[in-house]
Each structure stands twice: as structure tokens, then as C-alpha cells.
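Inspection log for the structure reproduced underneath, given as C-alpha cells.
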Amino acid sequence: MISDKSTRGPQVPAADQTLRILRHLATRPAPVAASAIARDLGVPRSTVHHLLNTLAEHGFVLHLREERRWALGAAASELAGGFARQQPLARLGRPLAAALADRLGESTHLGVLSGADVVYIVEERAPRRPALVTDVGVRLPAHLTATGRAMLAALPREQVRALYPNASAFSTRTGRGPDRPGELRELLRSIRAAGFASEDGEVTDGTRSVGAVVLDASDWPIAAVAATWSSGSGPTEQDAASAVMATAVQLQQRLR
């Protein structure tokens, strides 16, 4: 007699509940109280608290104590970045980055968030343009790069606070860029208003970039597209931003 698997419960209930909690947090627009997680998933509160504390120990969730709520942690972002680096996002994004480079005549790239860093998964160097620091696999501080800023601006504010709790979380490459949480908050607010991010000489002296976020089906910032060119030449910031934003929308549509 063949058993009906659809009527059987999960073979490992704790693993099933843990994955359901992570998926639930990933689909919420803001951090969630443990009681709400227990209610929505039909899992006992004590079990939810035990699983959340274990996930927090490994960095997969963050406990926002003042708000008594829980959010996804940096380790969850690492999983998303790992998936992206294992082909699908890079394969879909590479031809679009190449077309953007042809359109602007400048180098382009695609990056994903990994904690407070950006990891580059695609780079398309335009002809007769200098080498950049955005080779595939390179990590750079997200708060300094156009790609990183575009993604940070799309994260829940509580997540940004957890990544940048104080001035010690900030680094610099050229002596420019935000160096405290309040300054970063203002910068991200302006990015949300403009619809794109930019940097000028904050990654490398003499170069500037614009970037636009790519959201997945749950509106999570899964990647960002950017173009980089020499300061004092190349396209205007607005022209480059329009082209980069259009490319980000194309990639977003393909992913969905």
C-alpha cells in the first residue's frame, strides 16, 4: 500500500517550523512580534521563542528589544546572496549590464548585499575605460557604494539600524562618505526620494557612480545595478540614472 504523503506531517517538525518562521519574516513589510508569528503560523509561543533565540544566535534573525519585535538578520541576506552568486541572478543580469554599458559607453556592474558589504557578481567593462575595483567577487562597504546605498535604502529601517548601530560600524576609503548613523539615515532618505543612489569619489578618487535597486517578489532588495565613469566626463548623472533605473526594472521583471 502506498502512503499518502500529503496527509503526513513534517518528518522534522523543528526544521519545518524554523523554515516557516524565516519565510514568514521574509514576506513581512516590517519586523514582527513573536506572538504574531505564533498566531499566524499556529505554532506554540514557547516553541517560537526557542526557535527565534536559536536563529538569533546564528545571525539569521535580529531581536529589536525596544520594539519587542523580530526581523531577518544579516545571515539570511547571506543565503540570498549565495543563491544569487550561484548563477540565476548573474545569468539574467549579465546581458542587461552589457546592454547598459553599450548604451552609456561606461562600465556597469551588478551587486548583492552580504551583511554590510556589497559583493559584485557581474562586471561589464566598457571599451577604453579604466579598470575598476568592482571585479566579480570583490566586497566593498555598502554605505560607500551606489549599489550598496540603493539596496540599503530599500531595507526596513530597523535592519539598517542593526547593520549600522554606531559610528564604529562605518569605514572609509577616500575620507568621504557617511560616518555616523544619522548621516546615513539622511542619505538613504534622499535616495528613496530620488529613486536612485549615487557616489562621487567615495569608493575611488576621480570616479563616480549611480545605482538602482532590484526588488524580488516580496519587495526585498535582492540586487542593484550601477554604472561608473570618470568624474568630469561621461554622461550626466540624471541621464545615467535614468538608464540604470530602466535596467533595474528590466531585471526585476525578468526575475518575477
- [ ] Give the C-alpha distance, both sets of side-chain angles, the deciding distance and a yes or no for side-chain contact (heavy atoms from CB on, under 4.5 Å) between L155 and L163.
- [x] CA-CA 11 Å; L155 282 178; L163 291 172; 4.0 Å; yes
TODO: Apply the test side-chain contact (heavy atoms from CB on, under 4.5 Å) to residues V43 and R20: give CA-CA distance (whole Å), side-chain angles for both, the deciding distance (0.1 Å), then the verdict.
DONE: CA-CA 10 Å; V43 177; R20 289 171 61 205; 4.0 Å; yes
TODO: Would you sort out whether R103 and T247 count as a side-chain contact (heavy atoms from CB on, under 4.5 Å), showing the intermediate values?
DONE: CA-CA 11 Å; R103 176 179 174 181; T247 300; 5.6 Å; no
TODO: Apply the test side-chain contact (heavy atoms from CB on, under 4.5 Å) to residues S198 and R208: give CA-CA distance (whole Å), side-chain angles for both, the deciding distance (0.1 Å), then the verdict.
DONE: CA-CA 7 Å; S198 64; R208 61 186 310 180; 5.8 Å; no
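The shortest side-chain heavy-atom distance between L100 and E124 does not fall under the 4.5 Å cut-off. Residues L255 and D216 are not in side-chain contact: their nearest non-hydrogen atoms beyond the backbone lie 4.5 Å or more apart. With contacts defined as side-chain heavy-atom distances shorter than 4.5 Å, the pair V61/L22 qualifies. Between L251 and L89, some side-chain heavy-atom pair lies under the 4.5 Å cut-off. V210 has its side chain within reach of E237: a pair of non-hydrogen atoms, C-beta onward, lies under 4.5 Å apart.
In this structure, CG on L140 lies 9.5 Å from OG on S171, to the nearest 0.5 angstrom. Interatomic distance, CZ of R180 versus CG of N166, reported as 13.5 Å (0.5 Å rounding). Rounding to the nearest 0.5 Å places CE of M151 at 11.0 Å from CG of L215. Rounding to the nearest 0.5 Å places CG of L144 at 11.5 Å from OG of S209. A distance of 13.0 Å separates CD in Q252 from CG in L92, rounded to the nearest 0.5 Å. Here the CZ-CH2 distance, from R65 to W70, works out to 7.0 Å after rounding to the nearest 0.5 Å.
In the hydrophobic cluster analysis, where Ile, Leu, Val, Met, Phe, Trp and Tyr join through side-chain heavy atoms closer than 4.5 angstrom, I222 is grouped together with F196. Note on L64: it does not cluster hydrophobically with L188, by side-chain heavy-atom contacts below 4.5 Å among ILVMFWY residues. Both L187 and L113 belong to a common hydrophobic cluster when Ile, Leu, Val, Met, Phe, Trp and Tyr are linked at side-chain heavy-atom distances under 4.5 angstrom. When the side chains of ILVMFWY residues are joined at heavy-atom separations under 4.5 Å, either directly or via intervening members, I21 and L62 end up in two distinct hydrophobic clusters.
The 12-atom threshold is exceeded at CZ of R28, counting heavy atoms of other residues, nucleotides or ligands nearer than 6.0 Å. No more than 12 heavy atoms of other residues, nucleotides or ligands lie within 6.0 Å of CZ in R23, so this atom counts as exposed by the packing criterion.
A salt bridge is absent between E66 and R161: the closest approach of a Lys/Arg side-chain nitrogen to an acidic carboxylate oxygen does not fall below 4.0 angstrom. Salt-bridge formation is not detected for the pair R176/E199: no Lys NZ or Arg NE/NH1/NH2 atom is positioned less than 4.0 Å from an Asp or Glu carboxylate oxygen. Taking a cutoff of 4.0 Å between a charged side-chain nitrogen and a carboxylate oxygen, R149 and E202 qualify as a salt bridge.
Between the side chains of T172 and D179, no donor N or O sits under 3.5 Å from an acceptor N or O. A donor atom on one side chain and an acceptor atom on the other are found under 3.5 Å apart for T236 and D239.
Taking both residues in full, the closest heavy atoms of A150 and A224 are given as CB-CB, 4.3 Å, listed atom of the first, atom of the second, then distance. Of all the heavy atoms in A26 and L72, the pair that sits closest is CA-CD1, 3.6 Å. Contact detail for A226 and T147: the closest heavy-atom pair is CB-CG2, 3.4 Å. The two residues W229 and G234 come nearest to each other via the heavy atoms CD1-CA, 4.0 Å. Considering all non-hydrogen atoms of both residues, G211 and A146 come closest at N-CB, 3.5 Å. The minimum heavy-atom distance linking G177 with E183 is given by the pair O-OE2, 4.0 Å.
Judged by distance alone, with hydrogens and angles left aside, the side-chain atoms of D16 form no donor-acceptor pair with the main-chain N or O of V12 at under 3.5 Å. T145 places a side-chain N or O within donor-acceptor distance of the main-chain N or O of G148, the cut-off being under 3.5 Å. The main-chain N or O of A126 is found under 3.5 Å from a side-chain atom of S107 such that the two form a donor-acceptor pair.
The side-chain contact (heavy atoms from CB on, under 4.5 Å) check on T54 picks up H58, with sequence neighbours excluded. Taking H24 as the reference, D40 meet the side-chain hydrogen bond (donor to acceptor under 3.5 Å, both in side chains) condition, with sequence neighbours excluded. For D219, the side-chain hydrogen bond (donor to acceptor under 3.5 Å, both in side chains) partners two or more places apart in sequence, or in a different chain, are R256.
Screening T204, T207, D200 for a side-chain hydrogen bond (donor to acceptor under 3.5 Å, both in side chains) with S231, the sole residue that qualifies is D200.
Using cut-offs of 30° and 60° on the angle between ring planes, the pair H143 and F170 is perpendicular.
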